[in-house]
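Encoded as structure tokens, the structure appears first; notes follow it.
Atoms within a ligand are numbered from 1 in the order they appear, just like the ligands themselves.
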Amino acid sequence: MDGWMDEPPERPLGKVQCHVPPGSGMTTKIIHFMVNGRLEQAEFSADCSAADVKDLFRAAAEAGPHHILKMYNANGSVVNISPRLEANSEESYYRLEVVASDLRSVAMPPELDNMEYRLHHLESRVTEDVGKTPDIISGLKSHVESFKRKLEFHSPHCQSAEHLSWMGLFKADGDQQLSKFCPKPKTPQLSVQEERQQVRRKFLNMSSLQVTEEVREHLKTPIFDNWQWEEAEMLVLLQVMYTDLDFLTAFHIEPEVLQNFLFEVYCHYNNIPFHNFQHCFCVTQMMYGLIWLTDLRNKLGRVDLLIMLTSALCHDLDHPGYNNVYQINAQTDLALRYNDISPLENHHCAVAFGILSKPECNILKNLTGEQYKHIRGGMIKCILATDMARHYEILNKFKLMQPVFDFTNQDHKEVLMKIMVKVSDISNEARPMAVAEPWLDCLLQEFFNQSDTEKLKGLPVAPFMDRDKVSKPSSQTSFIRFVLLPLFSELTKLFPCLEQHILEPVRRALEYYSDMERASKDEEGPAKA
Ligand code: 5GP
Ligand code: MN
């Protein structure tokens, strides 16, 4: 066995197989595909599980568990990686791409991935020989696990001195320690710029005309799955939203200007666990869906729709991953600049108008001064309304208007627009569970980053952000009961059709997390007794 731990065992190049019992007579499928510049062949039987087939291609692409894989057919369309994948010939091979690392996770150092892999292999070998996992291996595994967990709760954006110093890899440098809005400076890396340029090239090479009618329709619903799309594609989908709401014709927006604007917006979202470009996309997509579902095109002016969609798009620009309470307690530059009054939302809005101040990005440049002023005023109101500290103030106003709501009343319209942006902003739980749950992991990851920093700096820590006090179910049951249901029910009173689209999924999510909460309490129960 000497030396076997040095290298992970290799699989024969060019061919991967999901277990097919020899002589079983079971029909096997042969799939030809190109990955990393190599033509490969996969073989599996029709009754292979979907997970096994995915694992098979994951192994072929040498992808880790957090990579997103995409398979394209010979026509360039994305196909589902499943046992139902159509068999093909060598000439009509599929193309398998590792699109990106799942943004919900943080890349592990290769040594750690490698160590985990070797441990896993050692465990299988020893279990084969001895029949059970020896304690020493279980101990090692839990060490690697806990090490990974510690790393996972630090985003690359804010990888802190503390985190690196306990690994013995970093010596804190006084000057470098604290930056403006985020406790640690973001050192712009060339690779980030390169990555953005790649996204830009891909985005510009695609045309919104390529987006099929089916996708366009799906984009109008809250069941749209953001995790299926890469950044350049999301930019195209945003372009589709502006196009299909007729904004280009109504406001004389040149397509290149819209593309420049969207790309700049993308560049101004940070690579942080939750408040990133994916969140911006989801909020904008939910707003777009709500506009269609409630038939707002026939109830509000086109300019109001432009205000709402653009506010959703810009509402978290340059979010540093640390909330207003942190900004104020840590007396950051943002809190100083905005006198502790919604520092983040003021900043998001200022960044938005900074982007629009560049003529090549100014989608409002062909409007009259009056129109520009109106849109600017509307966006400021909508973006500032996303400060959750103002949640009850805005909801109560809307509640009072509800019985006499009038779409021609300017005050009523303004409150409704704020409510629509707010609903979109916190609408993850209105999405299918498979889409929503990873978002909660992202949110908690960002919360824990903040509370860890607060603990280190001796600042107050909110219990809902504290990794020692909060769990996924506890976080969601109260948020759904006290924030989502009252807000969504109020909007549903005005638009009853939203019941099935946003209220019912949120009620299901409450049941799901309540069950989870009960189960974890039951587990604790006997142990404590
Ligand atoms: P945002 O910061 O995205 O503009 O405002 C929304 C805020 O509402 C988030 O920062 C977060 O504090 C809270 N929030 C949004 N969605 C959820 C959720 O699903 N669960 C919990 N617990 N809080 C949420
Ligand atoms: Mn947001």
Q: Report yes or no: does His275 have a heavy atom closer than 4.0 Å to ligand 1?
A: yes
Q) Contact between Asp425 and ligand 1, counting heavy atoms under 4.0 Å? A) yes
Q. Which part of Val483 is near ligand 1, with near meaning a heavy atom under 4.0 Å away: side chain, backbone, both or neither?
A. neither
**Q.** Side chain, backbone, both or neither: Leu443 near ligand 1, heavy atoms under 4.0 Å
**A.** side chain
Are [X] and [Y] linked by a side-chain donor-acceptor pair shorter than 3.5 Å?
X: Asn276; Y: Asn271; value: no
X: His279; Y: His315; value: yes
X: Asn226; Y: Trp439; value: yes
X: Gln327; Y: Thr332; value: yes
X: Tyr288; Y: Ser424; value: no

Q) So with a 6.0 Å cut-off around CD of Glu214, is the heavy-atom count from everything else above 12? A) no
**Q.** Neighbour count above 12 (heavy atom, 6.0 Å) for Lys397 NZ
**A.** no
Q: Could you tell me the residue and atom name of the protein heavy atom closest to atom 22 (N) of ligand 1, and the distance to it rounded to 0.1 Å?
A: Ser475 OG, 3.1 Å
Q | Residue and atom name of the nearest protein heavy atom (relative to atom 7 (C) of ligand 1), distance in Å to one decimal | A | Met388 CG, 3.8 Å
(Q) On the six-membered ring of Phe251, is Arg302 placed so that its NZ or CZ lies under 6.0 angstrom from the centre and within 45° of the ring axis? (A) no
Which ligand 1 atoms does [X] reach within 4.0 Å, using its non-hydrogen atoms?
X: Asp316; answer: 1 (P), 3 (O), 4 (O)
X: His279; answer: 3 (O)
X: Gln476; answer: 18 (C), 19 (O), 20 (N), 21 (C), 22 (N)
X: Ile426; answer: 6 (C), 8 (O), 15 (C)

(Q) Distance check below 2.8 Å: does His279 bring an N, O or S atom to the Mn ion (ligand 2)? (A) yes
Q. Does any N, O or S atom in His275 come within less than 2.8 Å of the Mn ion (ligand 2)?
A. no
**Q.** Identity of the N, O or S atom of Asp425 lying closest to the Mn ion (ligand 2)
**A.** OD1
Q: Give the name of the N/O/S atom in Asp316 that lies closest to the Mn ion (ligand 2).
A: OD2
Q) Should one rank Phe479, Phe274, Phe447 by closest heavy-atom distance to atom 11 (C) of ligand 1, which comes out on top? A) Phe447
Q: Calculate, to the nearest 0.5 Å, the distance between atoms CE and CG belonging to Met286 and Asn428 respectively.
A: 7.5 Å
Q: Apply salt bridge (Lys or Arg N to Asp or Glu O under 4.0 Å) to Lys220 and Glu217, showing your working.
A: CA-CA 5 Å; Lys220 295 174 182 166; Glu217 284 309 308; 3.1 Å; yes
